[in-house]
Amino acid sequence: MKARVTVTLKTGVLDPQGKAIEGALKSLGVGGVASVRQGKVFDIELDGADKGKAEAALKEAAEKLLANTVIENYRIEVTG
Amino acid sequence: MKARVTVTLKTGVLDPQGKAIEGALKSLGVGGVASVRQGKVFDIELDGADKGKAEAALKEAAEKLLANTVIENYRIEVTG
Amino acid sequence: MKAAVLVFPGINRERDMARTLKLISGQEPAMVWHAEPQLPAGTDLVVIPGGFSYGDYLRCGAIAARAPVMDAVRAHAAKGGLVLGVCNGFQILCESGLLPGVLMRNAALKFICKDVYLRVERSDTPFTRGYNAGQVVRVPVAHGEGNYVADEATLAKLEGDGRVLYRYAAPDGSLDPAWNVNGAINAIAGILNDRGNVLGMMPHPENHVEAALGPTDGRGLFAGLVDHLKQAA
Amino acid sequence: MSRNEPRITPELVAEHGLKPDEYERILKLIGREPSFTELGIFSAMWNEHCSYKSSKVHLRGLPTTGACVIQGPGENAGVIDIGDGQAVVFKMESHNHPSFIEPYQGAATGVGGILRDVFTMGARPIACLNALSFGDPSHPKTRHLVSGVVAGVGGYGNSFGVPTVGGQVRFHTRYDGNNLVNAMAVGLADTDKIFYAAASGVGMPIVYLGSKTGRDGIHGASMASAEFGEGAEEKRPTVQVGDPFSEKLLLEACLEIMAKDCVIAIQDMGAAGLTCSAVEMGAKGDLGVTLELDKVPTRETGMSAYEMMLSESQERMLMVLKPEKEKEAEAIFRKWGLDFAIVGETTPTKRFIVKHGGIVMVDLPIKELGDEAPVYKRPFVEMPKLPVIKVIDVRPPMRLPDALEKLIGTPDLCSRRWVWEQYDHVIGGNTVQRPGGDSAVVRVLDGPKALALTADVTPRYCEADPFEGGKQAVAEAWRNITAVGGKPLALTDNLNFGNPERPEIMGQFVGCVRGIAAACKALDFPVVSGNVSLYNETQGRAILPTPTIGGVGLIDDFTTAATLAFKAEGEAIVLIGETIGWLGQSLYLRDLCGREEGAPPPVDLVEERENGDFVRALIQDKLATAAHDVSDGGLLVAVAEMAMASGLGATLEPAPADTPPHAFWFGEDQARYVVTVPAGHAEALLARAAEAGVPASLLGTVGGTTISLSGERPIQLKVLNERFEGWLPTYMAGGPP
Ligand SMILES: Nc1ncnc2c1ncn2[C@@H]1O[C@H](COP(=O)(O)OP(=O)(O)O)[C@@H](O)[C@H]1O
Ligand SMILES: [Mg+2]
């Protein structure tokens with residue numbers, strides 16, 4: 001089974017990376033960029049075919065390791 | 001306008017970070033993880049309402065900066 | 001030797017580099033701001049020093065690689081001018097396309113600062129003529145993303161052309177994964193471009209040049225460059 | 001005074017951490033009910049962190065003056081004179097709570113904050129140190145905290161570009177719920193180009209520099225403010241995220257405008273950001289300040305005055321600018337891609353006025369905001385002295401070689417390499433002695449001068465006897481500087497304790513501070529800056545009292561600095577100082593006998609000074625080939641460290657007949673050093689010691705690949721090394737605690 005966990009910064013948390021990228025895009029002359037926030041994706045393959053189980057495992061992975069829940073949110077999608 | 005650019009490693013490119021996360025998840029006892037690949041997402045706000053223009057700008061951003069096209073693929077979605 | 005040291009926002013080893021260049025060549029290098037469209041006239045050697053240009057946000061070296069001054073560096077390299085990129089400089093060179101491959105997170109996923117041993121693979125280049133082929137030199141590394149990766153074709157070409165100049169090795173010069181500090185493929189620490197005038201390397205030879213502070217193995221690289229330029233002149 | 005702000009209720013006052021009598025004080029001071037924003041400002045200015053209300057009366061007892069002192073406590077950092085027109089600017093600060101919540105960012109922003117304190121004064125940072133205390137290795141959170149904190153300290157310093165050259169790491173169950181992260185930064189400036197916080201001149205522009213303001217770290221009151229904020233937002237985290245890249249730019253930009261003589265006064269925004277910095281600049285300069293919040297660069301929309309005044313967004317500064325330099329200063333900041341905005345001006349009124357959206361949100365007397373903060377003489381009790389452990393009551397649980405092999409691999413004695421290899425400790429090209437020795441040695445510019453830097457404290461001694469423990473922390477820092485041949489000049493402290501409202505904790509605090517003061521006086525080692533961190537407790541259990549001392553010493557010629565590694569076969573090993581075999585509170589007693597007991601070793605400050613001065617002179621006269629102080633673990637551990645650093649072993653003399661061997665080799669008597677001299681020079685050294693009235697005795701001879709004690713099996717260096725280097729990496733990789 002395939003899944004994607006997307007981890008993004010919570011609103012209001014400073015995103016130095018996004019800020020630097022935003023600046024770079026502007027100075028590269030890419031038009032109309034107002035703001036950039038950077039996040040992470042994890043493409044995960046799981047053994048087994050039980051979607052419920054997979055989701056539980058992914059939630060555990062996100063909580064324990066993939067996301068820093070103090071400053072980040074995460075979203076899980078089982079993609080196939 | 002809001003958009004998301006997702007950048008992932010091309011198949012075959014080694015991903016030490018993904019590998020390490022995979023190992024960590026296994027040793028945390030998260031069940032059934034077979035493999036992990038890490039990528040990035042950029043949530044971008046754009047000025048203006050022209051979708052075509054926005055997409056062109058995003059493509060330029062991805063090609064010029066956001067992705068290292070030697071090792072990475074990207075995908076653009078205008079989300080709202 | 002007329003050296004130009006590039007300064008990008010977030011670069012932080014430019015002083016170390018400038019001091020070493022001065023110490024060994026006797027000449028003060030020019031410090032060149034990233035927004036400059038041109039290099040100082042008569043520049044022999046462009047040095048891209050270490051640090052965290054643009055915080056190393058996005059990818060190491062990615063934003064710096066797209067700065068205006070890099071067009072001038074490309075032009076300089078195209079004319080056969082010498083370019084040396086150390087640490088972040090190496091990353092910037094890869095991102096700018098002047099060198100192939102990329103530098104990924106260290107295999108242990110941690111920043112690492114320690115002395116390493118490098119085996120000098122050949123001595124017939126401007127960047128290694130200060131050493132003997134097979135010589136082992138001790139210099140520090142200080143990086144979180146120095147794990148060199150390239151696709152198989154690129155790697156075969158690099159190896160086939162003898163463009164790997166420095167490799168992480170054991171103190172006796174043997175290759176041993178235990179001494180490959182960041183997990184780089186083929187223990188690659190430094191590579192040359194196809195034309196032989198652009199070198200990128202992760203370790204910091206500029207930090208090992210003064211006897212009063214410890215090993216001086218880094219001197220050879222700079223002394224070799226000085227010799228090369230003298231001879232060329 | 002303003003629309004749209006919540007009404008002040010007793011609950012709201014309490015949520016701001018203000019006691020009812022403190023609120024009464026506010027009412028009396030301003031003669032009316034404060035606005036919500038004003039309440040926030042009072043709570044920020046009058047909390048423990050900013051006002052030092054529990055500690056102030058005691059800190060007055062610390063000696064803060066001396067021949068080298070240019071600026072003592074009270075500014076962003078202390079400043080000392082090192083000759084040749086050069087000054088060293090340094091301070092230590094804690095980021096304990098944030099690093100427990102979010103270890104990486106908490107530690108990172110701690111480093112960022114202390115760096116800012118140093119470069120605000122016009123100094124370029126040249127070194128960082130860090131003192132870290134973690135819970136028991138077996139506690140489920142410890143590994144996570146260690147890995148996050150160390151990565152955060154490194155992540156910030158490495159990117160900013162300052163070498164992190166020293167520190168301390170310890171583990172103890174009393175830090176389980178409350179780890180400590182103390183970060184120290186050291187910078188170099190010209191004595192005639194130091195910048196201070198006091199504003200001067202009326203009508204001078206106040207400039208906001210650096211990163212934009214967001215809703216970061218708006219503490220206790222964040223809930224209250226959310227109630228009137230726009231719409232239903234997710235609950236905001238109160239952790240700040242560090243941006244070392246911006247800070248590096250801020251450093252370069254600040255040093256550039258300082259060199260161009262644009263600055264009248266400058267102050268970084270640390271705790272309670274805009275509030276503290278603006279009030280301090282005005283109050284110190286006897287001036288009023290007016291701020292126009294509409295001009296403050298923000299990165300979020302709809303921020304209220306309250307939020308802007310209390311935001312702790314990082315990488316920001318406030319500056320009073322010479323008006324004629326405005327364009328020049330702005331151009332420099334723009335070049336570095338930083339925000340630059342004139343947000344206010346100085347006034348003659350001594351009022352602190354804040355306007356937002358055309359409304360005056362704050363109108364307070366600026367001096368009283370700081371000066372009239374409550375000061376408490378909190379009740380304290382001294383704990384009864386603990387009994388002195390008699391050596392005769394400590395049966396050795398194992399033979400000496402086994403004891404050494406075991407001790408050297410314990411969490412508190414093993415190598416910290418795993419930590420400091422994650423710190424760039426060579427950047428700058430001036431690191432003469434890297435981590436792993438007694439003090440780090442960092443060359444000053446091109447030399448020959450160098451600084452000796454160290455951070456020390458032994459919390460278990462402080463717990464057992466706060467006064468002796470406080471003395472010991474200072475003495476050990478002084479000793480570590482001496483052991484590399486440095487002349488100790490001044491120190492910074494970071495006083496980490498539990499809840500001061502508990503008399504026994506206050507007793508620890510008072511005892512430690514008195515001990516520190518006594519040692520500073522006796523050793524001519526003044527305090528020039530520091531930080532107090534109280535309320536370090538969880539569930540009513542306080543941390544061990546941990547007054548970290550950061551010491552700075554001067555070496556005239558760095559090429560003469562001593563290192564601890566043995567140098568050559570056949571050299572004589574000599575012990576300086578007296579050994580009676582003090583086992584109380586020793587690691588031997590704690591970690592091998594399972595007894596965390598007794599009175600700690602007393603510190604005789606006269607002896608400390610005599611022995612130290614003697615050793616320093618030996619090093620400076622190039623007589624000693626290696627030097628190392630004796631601290632945690634005692635004499636045999638010190639010898640083992642010298643051996644491991646060199647790969648050379650030692651053959652040791654038997655313990656004196658009147659001292660049981662385990663007490664001799666593992667006792668933690670103070671004021672001791674181990675030095676080596678070339679073969680044949682031992683007699684002369686002993687004679688020199690006798691003449692100086694300093695106890696000295698021959699301990700053995702360097703050589704071989706083992707440490708040999710008479711009548712015991714030889715201890716293989718290889719085995720020692722494996723144990724010494726093994727524990728931390730193994731533990732961090734998930735191995736046994
Ligand atoms: N957190 C740290 N960061 C950098 N260096 C450290 C850290 N902790 C310990 N070290 C280094 O490890 C060595 C041993 O530390 P410690 O046992 O506390 O020394 P000492 O007993 O001489 O005070 C010292 O050189 C010290 O600077
Ligand atoms: Mg010591």
Side-chain angles (χ1 to χ4, degrees), chain C residues 7-23 31 33-35 49-58 60 63-64 67 86-88 106 108-116 139-145 181 203-215 218, chain D residues 124-126 147 150-151 153-165 242-249 251-253 335-338 417-435 441-443 445-448 450 557-561 563 729 732-733:
Chain C
V7 184
F8 297 95
I11 281 288
N12 59 28
R13 260 187 172 81
E14 77 278 14
R15 292 154 185 277
D16 302 35
M17 185 56 82
R19 178 198 239 173
T20 290
L21 289 167
K22 167 89 196 286
L23 183 78
M31 306 305 280
W33 187 240
H34 66 106
F52 286 70
S53 58
Y54 299 92
D56 273 355
Y57 300 147
L58 185 59
C60 293
I63 300 179
V86 168
C87 200
N88 202 208
N106 293 349
L109 298 193
K110 284 199 291 283
F111 186 96
I112 182 101
C113 176
K114 69 191 287 193
D115 284 359
V116 298
V139 287
V141 292
H143 61 246
E145 310 193 19
V181 66
H204 291 285
E206 77 276 19
N207 281 133
H208 270 189
V209 292
E210 287 185 79
L213 282 117
Chain D
R124 179 176 283 279
I126 57 168
S147 104
V150 170
V153 169
Y156 206 100
N158 298 343
S159 173
F160 178 84
V162 64
T164 301
V165 294
D243 181 0
F245 170 58
S246 291
E247 179 124 317
K248 163 77 171 160
L249 304 182
L251 161 78
E252 298 298 344
K335 176 183 122 189
W336 288 100
L338 295 166
R417 183 184 302 276
W418 183 91
V419 173
W420 50 256
E421 280 188 349
Q422 293 185 59
Y423 303 154
D424 188 340
H425 49 266
V426 298
I427 185 169
N430 286 325
T431 308
V432 181
Q433 278 190 41
R434 301 182 182 192
V441 178
V442 177
R443 179 170 65 174
L445 301 180
D446 291 324
D557 176 357
F558 75 92
T559 61
T560 64
T563 61
M732 289 310 295

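Quick note: numbers below take in every heavy atom, side chains included, and nothing from hydrogens, waters or symmetry partners. Throughout, a chain's letter reflects where its sequence line sits, starting with A, and its residues are numbered from 1. Here the structure is a predicted model, which is why all the values come from computation and not from measurement.
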Quiz item: When heavy-atom pairs shorter than 4.5 Å are enumerated against chain C, which of D:Glu252, D:Lys248, D:Gln433, D:Arg417 gives the highest number?
Solution: D:Lys248
Quiz prompt | Which portion of C:Pro9 sits near chain D, non-hydrogen atoms under 4.5 angstrom | solution = both
Self-check item: Options C:Arg15, C:Glu210, C:Glu206, ranked by heavy-atom pairs under 4.5 Å with chain D, top entry
Solution: C:Arg15
Practice problem: Sort D:Phe160 into side chain, backbone, both or neither according to what part of it lies under 4.5 angstrom from a heavy atom of chain C. | Solution: backbone
Quiz item: Top residue by heavy-atom pair count (under 4.5 Å) with chain C, among D:Asp243, D:Thr559, D:Leu251?
Solution: D:Asp243
Exercise. Check each atom of C:Asp115 against the heavy atoms of chain D and say whether the ones under 4.5 Å are side chain, backbone, both or neither.
Key: both
Exercise. Grab the two heavy atoms, one from C:Asp16 and one from D:Gly428, that are nearest each other, plus how far apart they are.
Key: OD2-N, 2.6 Å
Exercise. Count the heavy atoms belonging to other residues, nucleotides or ligands that lie under 6.0 Å from NZ of C:Lys114, then report whether that count exceeds 12.
Key: no
Exercise. Could you look at D:Thr431 and say if it's the side chain, the backbone, both or neither that has a heavy atom under 4.5 Å from chain C?
Key: backbone
Exercise. Work out which heavy atom in C:Pro140 is nearest to a heavy atom in D:Val426; give both atom names and the distance.
Key: CB-CG2, 4.2 Å
Exercise. Examine distances only and state if a side-chain atom of C:Asn12 and a backbone atom of D:Ser159 form a donor-acceptor pair shorter than 3.5 Å.
Key: yes
Quiz prompt | Interface moiety of D:Ile427 toward chain C, non-hydrogen atoms closer than 4.5 Å | solution = both
Quiz item: Rounded to the nearest 0.5 Å, how far apart are NZ of C:Lys110 and CD of D:Gln422?
Solution: 5.5 Å
Quiz prompt | ring-ring contact (aromatic ring centres under 6.0 Å, His included) partner of D:Phe245, chosen from C:Tyr54, C:Phe8, C:Phe52 | solution = C:Tyr54
Quiz prompt | C:Cys113 and its side chain to side chain contact (heavy atoms under 4.5 Å, CB included) partner, picked from D:Glu421, D:His425, D:Arg434 | solution = D:His425
Quiz item: Does the D:Asn158 side chain pair with the main chain of C:Ile112, one donor and one acceptor, at a distance under 3.5 Å?
Solution: no
Self-check item: C:His204 portion near chain D, given a 4.5 angstrom heavy-atom threshold
Solution: neither
Quiz item: Does any N or O in the side chain of C:Arg19 come within less than 3.5 Å of the main-chain N or O of D:Gly429, such that one atom is a donor and the other an acceptor?
Solution: yes
